[in-house]
Amino acid sequence: MRPDTGTRLSCTVALPDGFRADAVLDFHGRDHSGLAERVHQRSLHKGLMWEGRPACLSVRFDAGLAHAQLTLDGVTDADPQALPCLVRHMLGLTQPIEAFESAHRAHPQIGPLIARQSGLRVPLSASPFEALTWAITGQQISLGAALSIRRKLIEAAGMRHSSGLACYPDAQAVAMLSAASLHQAGFSRAKAQTLMVLGRDVATGHLPLPAWTTAAPAEQIREQLLRVGGIGPWTVDYTLLRGYGWLDGSLHGDAAVRRKLQRLLGQTTKLTDDFTRRWLAEFSPWRALLAAHLWAMPDDFSAAG
């Protein structure tokens, strides 16, 4: 990456023992094209919009520390305290995972999984808007197809940082896209309509996604998001998890969660949504964190050892 010019913020954040940096790098590096995120060795470089400006967030992991730098194009009076807050948020450092592990380490099925994956945290998106639009993109399609459409959305928005990284669009950028450009990117008519409504409503403050980070309980967020056409319970719970770090969403509608739980329980038939919902209910207020453990569960894992 060539040197950038503009405003720079930097910070160093201490990491807890056993922190899983690889999980963060895998999550943000799942698109290997390198269009908007690049992972190299123990570092992440991510293009994003910061207060309407193209920015590059770089995070390097080293011996119990995360060294972060945010480079913004142009001169701005960005709040330096916002960067460590963002880094802690994205790395899942505010998640009280110790309470979950302590409460369930003796469970006959989940206990061995926790022992195998102790310290697992949920890596988060850079913003609730990114989490929500990614959830909509991925509705009812494969990961590969969703990543392809995501790339086309980023390219259609045309926001690029001076480092060469494309930036995931913010609400203002999405609001400026036409239905035709979204269709061309691969979105169905229904998803395109949902994205245009979201872009407009978030940009105008009708849906204050950033403010909800500290000012609204999960149920209030859920209620307002469900009023938007094209957004259902799974999309809301995924957004609450990846966008806000809320660990109690019931992701029983997630196909990968059902598939991994079936394997964990040794069942020979596919699990229904209702069975999965009832099984996960025992683990409230950690249902979404348990779903993350199921996502991360190796295919050869057996609770019986």
Are T204 and H206 close enough, and set up right, to give a side-chain hydrogen bond (donor to acceptor under 3.5 Å, both in side chains), and what steps lead you there? CA-CA 6 Å; T204 60; H206 180 69; over 6 Å; no
Does a side-chain N-to-carboxylate-O contact under 4.0 Å join E98 and R105? no
Is the number of heavy atoms from other residues, nucleotides or ligands under 6.0 Å of Q220 CD greater than 12? yes
Counting only N and O atoms by type, is there a donor-acceptor contact under 3.5 Å from the side chain of K46 to the main-chain atoms of H28? no
Between the side chain of R60 and the main-chain N/O of S43, is any donor-acceptor distance below 3.5 Å? no
Begin from the C-alpha positions of Y168 and T133 and carry the test side-chain hydrogen bond (donor to acceptor under 3.5 Å, both in side chains) through to its verdict. CA-CA 10 Å; Y168 193 90; T133 51; 2.6 Å; yes
Output for pair (F187 CZ, T137 OG1), nearest 0.5 Å, gives 3.5 Å
For a 4.5 angstrom cut-off between non-hydrogen side-chain atoms, does L153 reach L182? yes
Identify the two heavy atoms, one from V174 and one from G199, that lie closest to each other, and give their separation to 0.1 Å. CG1-CA, 4.3 Å
Kindly say whether L177 contributes a backbone atom to a donor-acceptor pair with the side chain of S181 at under 3.5 angstrom? no
So, the side chain of S118 versus the backbone of I114: is there a donor-acceptor pair under 3.5 Å, distance only? no
Joint hydrophobic cluster, W286 plus L240, side-chain heavy atoms closer than 4.5 Å: no
Return the minimal non-hydrogen interatomic distance between L120 and A292, and the atom names on each side. CD2-CB, 4.0 Å
Got a salt bridge between D22 and R42, using NZ or NE/NH1/NH2 to carboxylate O under 4.0 Å? yes
Value for CG (L143) from OG (S148), rounded to nearest 0.5 Å, stands at 11.0 Å
Pairwise side-chain contact, F19 with L93, heavy-atom cut-off 4.5 Å (strictly under): yes
Is it true that a side-chain atom of S284 and a backbone atom of A281 form a donor plus acceptor pair closer than 3.5 Å? no
Report the C-alpha separation of R263 and D299 in whole Å, then their side-chain angles, then the decisive distance to 0.1 Å, and conclude whether the salt bridge (charged side-chain N to carboxylate O under 4.0 Å, His left out) test is met. CA-CA 8 Å; R263 183 177 297 119; D299 289 339; 3.5 Å; yes
Tell me whether E155 is salt-bridged to K152, with the criterion being a basic N under 4.0 Å from an acidic carboxylate O. no
Should R259 and D254 count as an ion pair when the cut-off is N to O under 4.0 Å? no
Distance in Å, T269 OG1 paired with Q262 CD, rounded so as to fall on 0.5 Å steps: 6.5 Å
Do the two ring centres, one from F100 and one from H293, sit under 6.0 Å apart? yes
When H252, R278, R258 are each screened for side chain to side chain donor-acceptor pair (under 3.5 Å) with D273, the one that passes is R258
With no hydrogens and no angle check, is any side-chain donor or acceptor of R38 less than 3.5 Å from a backbone partner on G34? yes
At their closest point, which heavy atom of G119 faces which heavy atom of E101, and how far apart are they? N-OE2, 2.7 Å
Before giving the answer on side chain to side chain contact (heavy atoms under 4.5 Å, CB included), spell out for L261 and L264 the whole-Å C-alpha distance, their side-chain angles and the decisive distance to 0.1 Å. CA-CA 5 Å; L261 181 58; L264 181 70; 4.2 Å; yes
Does the plane of the ring in H104 sit parallel, tilted or perpendicular to the ring in H107? Use 30° and 60° as the thresholds. perpendicular
Determine whether a donor-acceptor pair (N or O, by modelled atom type, separation under 3.5 Å) exists between the side chain of Q139 and the backbone of G230. yes
What's the verdict on side chain to side chain contact (heavy atoms under 4.5 Å, CB included) for W234 and T239, showing C-alpha distance, side-chain angles and the deciding distance? CA-CA 8 Å; W234 178 87; T239 301; over 6 Å; no
Shortest non-hydrogen contact from L72 toward A55: CG-CB, 4.1 Å
Just by modelled atom types, is the P298 backbone N or O under 3.5 Å from a matching donor or acceptor in the K260 side chain? no
Please check if L15 and M90 belong to a single hydrophobic cluster, counting links between Ile, Leu, Val, Met, Phe, Trp and Tyr side chain heavy atoms closer than 4.5 Å. yes
Please confirm whether the backbone N or O of G245 pairs with a side-chain atom of Q95, one donor and one acceptor, at under 3.5 Å? no
Determine whether L226 and V202 fall in the same hydrophobic cluster, where Ile, Leu, Val, Met, Phe, Trp and Tyr are linked whenever their side-chain heavy atoms lie under 4.5 Å apart. yes
Find out whether the Lys NZ or Arg CZ of R242 is both under 6.0 angstrom from the six-membered ring centre of F27 and within 45° of the ring's axis. yes
Rounded to the nearest 0.5 angstrom, the CG-CD1 distance for L207 and I231 is 7.5 Å
Looking at M196, I want to see if its CE is surrounded by more than 12 non-hydrogen atoms of other residues, nucleotides or ligands under 6.0 Å. yes
With the threshold set at 4.0 Å, does a side-chain nitrogen-carboxylate oxygen contact exist between R53 and D73? no
Side-chain heavy atoms of L247 within contact of F283, under 4.5 Å: no
Might you work through the side chain to side chain contact (heavy atoms under 4.5 Å, CB included) test for V59 and L57, ending with a clear yes or no? CA-CA 7 Å; V59 181; L57 172 67; 4.0 Å; yes
Within-4.5 Å side-chain heavy-atom neighbours: E223 and R227: yes
Between R151 and D31 (salt bridge meaning N to carboxylate O under 4.0 Å), is one present in this structure? yes
Can you tell if the side chain of T71 reaches within under 4.5 Å of the side chain of T7, non-hydrogen atoms only? no
Minimum-distance pair of heavy atoms, taken over all atoms of A288 and L241: CB-CD1, 3.8 Å
Quick one: OG on S250 to CG on L280, what's the gap to the nearest 0.5 Å? 5.0 Å
Identify whether NZ of Lys or CZ of Arg in R30 sits under 6.0 Å from the centre of the six-membered ring of W134 and within 45° of that ring's axis. yes
Is it the case that the side chain of T235 and the backbone of I136 share a donor-acceptor pair, with hydrogens and angles ignored and the cut-off at 3.5 Å? no
Is H183 atom NE2 crowded by more than 12 heavy atoms from other residues, nucleotides or ligands, each under 6.0 Å away? yes
Minimum side-chain heavy-atom gap H45-L165 below 4.5 Å: yes
Could you walk me through whether E130 and L48 pass side chain to side chain contact (heavy atoms under 4.5 Å, CB included), step by step? CA-CA 9 Å; E130 180 176 354; L48 51 85; 5.6 Å; no
Can you establish whether the number of heavy atoms outside D17 located under 6.0 Å from its atom CG is more than 12? no
Give the minimum heavy-atom separation between A135 and Y238, together with the two atoms involved. CB-CD2, 3.7 Å
Within a strict 4.5 Å, meaning less than it, do heavy atoms of the L209 and L225 side chains meet? yes
Going from CZ on R160 to SG on C167, what distance comes out if it is rounded to the nearest 0.5 angstrom? 8.5 Å
Could you check whether any side-chain heavy atom of R287 comes within less than 4.5 Å of a side-chain heavy atom of L290, counting everything from C-beta outward? no
